[in-house]
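Notes follow the structure.
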Amino acid sequence: MKKRLFGKKLIAAATALVLVGGVFAPVGQGKTSQAKAATESKKLAKIFRTTELEDASIDALQKAMKSGRLTSKQLTQMYIDRIKAYDEKLKLNSVIAINPNALKEAKAFDKERKKGKVRGALHGIPIIVKDNIDVKNMPTTAGSLALYYNIPNKDSYIIKKLRKAGAVIIGKANLSEFADSAVDSSSVLGGTVHNPYDFSREPGGSSGGTGVAVTCNFCAAGLGTDTGGSIRMPSICNNLYGIRPSKGLTSIGRVIPLDAERDTTGPIARNAKDLSYVLENMSGTDAEDDYTKEVSADKLLGKGYSKYLKKDYLKGKRIGYFDISFNDIEEVYDEDGEGDDYDIDVTPPDNKVREMLLKTRSNLRKAGAELVDISDDLNRDIIQEEIYEVEANSGGYTFEYDMNSYFHTLGDRASYKTLKELVNSGNGVNFTNLFEDDDSLADSYETTENPYTETASGYARTTEWEYMLKFRQKINEVISNNNLDAIIYMPTMNVPSVLEQAGHQLSGSRLLWVFGPVAGLPEVVIPMGFADTDETANIELPSGIALVGAFGKEKTLMQVAYAYQLQAGSVIRRAPACVPALKDNRLNSFLKKLIKKVSKWNTKKLSKKKPTLVKLLENACIKAAEVNWSKPKEVYKRAKALATCFDNAKAAS
């Protein structure tokens, strides 16, 4: 008789599953019996589960692909499945388009891996791209209906570099239309991006789609652009790491512009090491981007960043802070909580955000860093004076010329030749509505007024560029003279605001627009954790803090962020609860087959020798059959228990 175990009466009478890890030792000590004992467990171990995708690091994904448990094609499909299951259904609206060739690209990288060619840390890793960055044969819309058919036939430089490193472009991320807001991310084509930690809250802008896609595990990492805060704000609002690089380290070539002298491109990721992987593989000198040529971006990049990350890096390092940035912040407020000047007005941080701030300071010190007050060398008055000098020598509004230059680079593939044509199309809403008087706009690229009338290092610049460089030098000197590794400041004073109060979370020192945008210095945002800061919050919400480095010192900032992350621990990072692991079809199939196999197995002889073992196997099989198949963590738990029981029973028989 083969069928003995699992009739309806027995299933109805079953009560509890006894976990069996380590309970039974396999019979026999030889290699053959040990191999047999682990058969089902080994099969289970080879399945890359949907639960493993949650906050998976690039290193973990590479390890899984190297072992054969996962392919890039499978990984890409798993991310696409999550996008389709959650993004539209929950109205997160983080993704504008999925790359129709993503699986094909992933399969090609799998073939390379089989042949022994692995390009590096990004080989086969799916990346999402903000939809103002050119990707060959995909629309670059900037969220605007007017650019629906803007389909470049060339990759931007940063995409070329990432493809060369092995990255799979999984799709395009939503944004604030034409990247015009550092607060929200709303566009005609993509809709309004919602914060996954609380749907009523802002996701940050303008790279909010990228931030939401990364934190929701719709991709391994993402690309954003930052003119005034558009990488850093989404990173803060979505509990992520993000970096605005030194101006010129990464190319803005074939990227829809906002203000070329302040525009940058950079990565957003769930951890510091992943951030370094993407940054080092997208940086470099682009022949079509004068800013990268001016700073010799290849030389600035050097040998990259990821290989230099160390757990104990912060020991003996010096982090500077000043009166409105980090400590004793309440001392600079008026009674009404407002400062004296518009540009860097300050408001007190919420008490619980302040608690996170204090914990961040504590983590830095525990990791070995010395916090240095540099208020004598850098304070509100000094910053205000420098900012006013830059603004007083402004070269004027550059958007029209920058936009017409972008169209010019597209050649015959351009949807329009000028911004005027775009506005007159009737499809240019939101940002382009600012140009109601189209008579002031140029009729051609050649007749567009050129605001770049000065020369710097042989390149055309606006009149304010030299003052921006002067400010950069001022901050570099403060860092150098105080022997600092970085300067820390609070970019926001609260958690993300509700959508109807866009901008509320920006109430703070307004320093978000200072060091990176004006001085062109690198800034990395790191998570501080979560706080429930007001009675309208449905859940604890994230906030972050910013680190500024000397020009070209991304390696130092990456090292600080990495060491801080390890010291702070997992408490500072939490994936949104609204996007759990999807039902795991491969795991479900394995368990169903195993249940069938166990049910048909003849245990007559074994029940005489090992009745307890057989009883445990029966219970494990009954529990497995009763599992909720839509809950992958529960399925895995039951599968592991049954596989272990069955392996032990087979070994004992």
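Nothing here was measured: the structure is a model prediction, and the numbers come from that model.
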Checklist entry - Can you tell me how far the OH atom of Tyr291 sits from the OG atom of Ser457, to the nearest 0.5 Å? => result 12.0 Å
Next on the checklist: Has Arg270 got a side-chain atom pairing as donor or acceptor with Ala221's backbone, closer than 3.5 angstrom?
Outcome noted: no
Checklist entry - For the side chain of Thr215 and the backbone of Asn238, is there at least one donor-acceptor N/O pair under 3.5 Å apart? => result yes
Next on the checklist: With a sphere of 6.0 Å drawn around CG of Asp376, does it hold more than 12 non-hydrogen atoms of other residues, nucleotides or ligands?
Outcome noted: no
Item to check | Student check: side-chain heavy atoms of Phe178 and Asn132 closer than 4.5 Å | outcome: no
Checklist entry - To the nearest 0.5 Å, how far apart are CE in Met490 and CG in Leu357? => result 5.0 Å
Next on the checklist: Glu386 vs Arg472, test: salt bridge (Lys or Arg N to Asp or Glu O under 4.0 Å). Steps then yes/no.
Outcome noted: CA-CA 10 Å; Glu386 296 288 339; Arg472 179 188 302 176; over 6 Å; no
Checklist entry - Does some side-chain heavy atom of Glu523 sit less than 4.5 Å from a side-chain heavy atom of Leu557? => result no
Next on the checklist: Can you tell me how far apart CG (Leu512) and CZ (Arg244) are? Round to the nearest 0.5 Å.
Outcome noted: 9.5 Å
Next on the checklist: For the backbone of Asp184 and the side chain of Ser181, can you confirm whether one donor and one acceptor N or O come within less than 3.5 Å of each other?
Outcome noted: yes
Item to check | Test log, rule side-chain contact (heavy atoms from CB on, under 4.5 Å), inputs Asn363 and Tyr564 | outcome: CA-CA 7 Å; Asn363 281 324; Tyr564 161 79; 4.1 Å; yes
Checklist entry - Are Arg461 and Tyr452 in a cation-pi setup, meaning NZ or CZ lies under 6.0 angstrom from the ring centre and within 45 degrees of the ring axis? => result no
Next on the checklist: Around atom CD of Gln473, are there more than 12 heavy atoms from other residues, nucleotides or ligands closer than 6.0 Å?
Outcome noted: yes
Item to check | Test salt bridge (Lys or Arg N to Asp or Glu O under 4.0 Å) applied to Asp226 and Arg232, step by step | outcome: CA-CA 8 Å; Asp226 191 309; Arg232 292 161 292 155; 2.9 Å; yes
Item to check | Asp134 side chain to Ser156 backbone, donor-acceptor under 3.5 Å | outcome: no
Checklist entry - What's the verdict on side-chain contact (heavy atoms from CB on, under 4.5 Å) for Asp259 and Arg262, showing C-alpha distance, side-chain angles and the deciding distance? => result CA-CA 6 Å; Asp259 181 345; Arg262 302 190 185 198; 3.9 Å; yes
Next on the checklist: Using every non-hydrogen atom in the two residues, find where Asn281 and Ala165 come nearest and quote the distance to one decimal.
Outcome noted: OD1-CB, 3.4 Å
Item to check | Sole residue of Ile475, Asn481, Ile479 in side-chain contact (heavy atoms from CB on, under 4.5 Å) with Glu477 | outcome: Asn481
Next on the checklist: Quick check against the 3.5 Å criterion: does Ser185 have a side-chain atom that pairs as donor or acceptor with the backbone of Gly208?
Outcome noted: yes
Checklist entry - Got Leu249 and Thr292 here, is their nearest side-chain heavy-atom distance under 4.5 Å? => result no
Item to check | Close side-chain approach of Leu499 and Thr192, heavy atoms under 4.5 Å | outcome: yes
Checklist entry - Does a salt bridge link Arg318 with Asp485, judged by any charged N lying under 4.0 Å from a carboxylate O? => result no
Checklist outcome for this item: Taken to the nearest 0.5 Å, the spacing of Leu364 CG from Ile526 CD1 works out to 6.0 Å
Checklist entry - Less than 4.0 Å between a side-chain N and a carboxylate O, is that true for Lys273 and Asp59? => result yes
Checklist entry - Does the side chain to side chain donor-acceptor pair (under 3.5 Å) test come out yes or no for Asp402 and Tyr397, once each step is laid out? => result CA-CA 10 Å; Asp402 294 340; Tyr397 197 55; over 6 Å; no
Item to check | Identified side chain to side chain donor-acceptor pair (under 3.5 Å) partner of Lys130 from the options Thr265, Thr140, Thr210, Thr225 | outcome: Thr225
Checklist entry - Can you list the steps and then say if Tyr406 with Val255 is a side-chain contact (heavy atoms from CB on, under 4.5 Å)? => result CA-CA 7 Å; Tyr406 168 77; Val255 176; over 6 Å; no
Next on the checklist: Donor-acceptor pair, distance only, cut-off 3.5 Å: does the side chain of Glu280 make one with the backbone of Ser306?
Outcome noted: yes
Next on the checklist: In the structure I gave you, are the side-chain heavy atoms of Met233 and Val183 within less than 4.5 Å of one another anywhere?
Outcome noted: no
Checklist outcome for this item: Of all heavy-atom pairs linking Ser246 and Gly552, the shortest is OG-N, 2.8 Å
Next on the checklist: A side-chain contact here means heavy atoms from C-beta on lying under 4.5 Å apart; do Ile125 and Val278 qualify?
Outcome noted: no
Checklist entry - Quick one: do Arg254 and Glu288 make a salt bridge, cutoff under 4.0 Å? => result yes
Next on the checklist: For Thr448 and Asn404: C-alpha separation, side-chain torsions, deciding distance, then whether side chain to side chain donor-acceptor pair (under 3.5 Å) applies.
Outcome noted: CA-CA 8 Å; Thr448 306; Asn404 289 354; 2.8 Å; yes
Checklist entry - Given side chains that start at C-beta, do those of Ile158 and Ile133 come closer than 4.5 Å, heavy atoms only? => result yes
Next on the checklist: Within the supplied structure, the quantity of interest is the number of heavy atoms (other residues, nucleotides, ligands) at a distance under 6.0 Å from Lys161 NZ; does it exceed 12?
Outcome noted: yes
Next on the checklist: I'd like to know if the side chain of Ser206 reaches the main chain of Ala182, judged simply by a donor and an acceptor atom lying under 3.5 Å from each other, with no hydrogens or angles considered.
Outcome noted: no
Item to check | Donor + acceptor pair across side chains of Asn174, Asp131 (<3.5 Å) | outcome: no
Checklist entry - So, does Thr463 use its side chain to make a donor-acceptor pair with the main chain of Asn393 at under 3.5 Å? => result yes
Checklist outcome for this item: Rounded to the nearest 0.5 Å, the CG atom of Asp180 sits from the CZ atom of Phe399 at a distance of 9.0 Å
Next on the checklist: Test side chain to side chain donor-acceptor pair (under 3.5 Å) on Asp274 and Asn271; report intermediate values, then the result.
Outcome noted: CA-CA 6 Å; Asp274 288 357; Asn271 63 70; 2.9 Å; yes
Item to check | Arg574 to Phe530 six-membered ring, cation-pi geometry met (6.0 Å, 45°) | outcome: yes
Checklist entry - Counting N and O atoms only, with roles assigned by atom type, does the side chain of Glu202 sit under 3.5 Å from a partner on the main chain of Pro496, one being a donor and the other an acceptor? => result no
Checklist entry - What distance do Ser235 atom OG and Ile243 atom CD1 have between them, rounded to the nearest 0.5 Å? => result 10.0 Å
Item to check | Worked check of side-chain contact (heavy atoms from CB on, under 4.5 Å) between Leu547 and Ile487 | outcome: CA-CA 6 Å; Leu547 290 159; Ile487 297 172; over 6 Å; no
Item to check | Axial cation check for Tyr313 ring with Lys317, 6.0 Å and 45° limits | outcome: yes
Item to check | Tyr459 six-ring face occupied by Lys293 cation (under 6.0 Å, within 45°) | outcome: no
Next on the checklist: A cation-pi test, strictly: NZ or CZ of Lys555 under 6.0 Å from the centre of the six-membered ring of Tyr308 and no more than 45 degrees from its axis. Yes or no?
Outcome noted: yes
Next on the checklist: With heavy-atom distances below 4.5 Å as the criterion, would you say the side chains of Val518 and Trp513 are in contact?
Outcome noted: no
Next on the checklist: Using the rule given for salt bridge (Lys or Arg N to Asp or Glu O under 4.0 Å), can you reason through Lys247 versus Glu261, listing the C-alpha separation, both sets of side-chain angles and the distance that settles it, and then say yes or no?
Outcome noted: CA-CA 8 Å; Lys247 176 60 178 173; Glu261 288 186 336; over 6 Å; no
Checklist entry - Do you know which two heavy atoms are closest between Tyr157 and Ser283, and how far apart they sit? => result OH-O, 4.4 Å
Checklist entry - Is a donor on one side and an acceptor on the other found under 3.5 Å between the side chain of Ser480 and the backbone of Asn476? => result no
Item to check | Aromatic ring pairing Phe515/Phe322, orientation class (parallel under 30°, perpendicular over 60°, tilted between) | outcome: perpendicular
Checklist entry - Is any NZ, NE, NH1 or NH2 atom of the basic residue among Glu370 and Lys315 found under 4.0 Å from an Asp or Glu carboxylate oxygen of the other? => result no
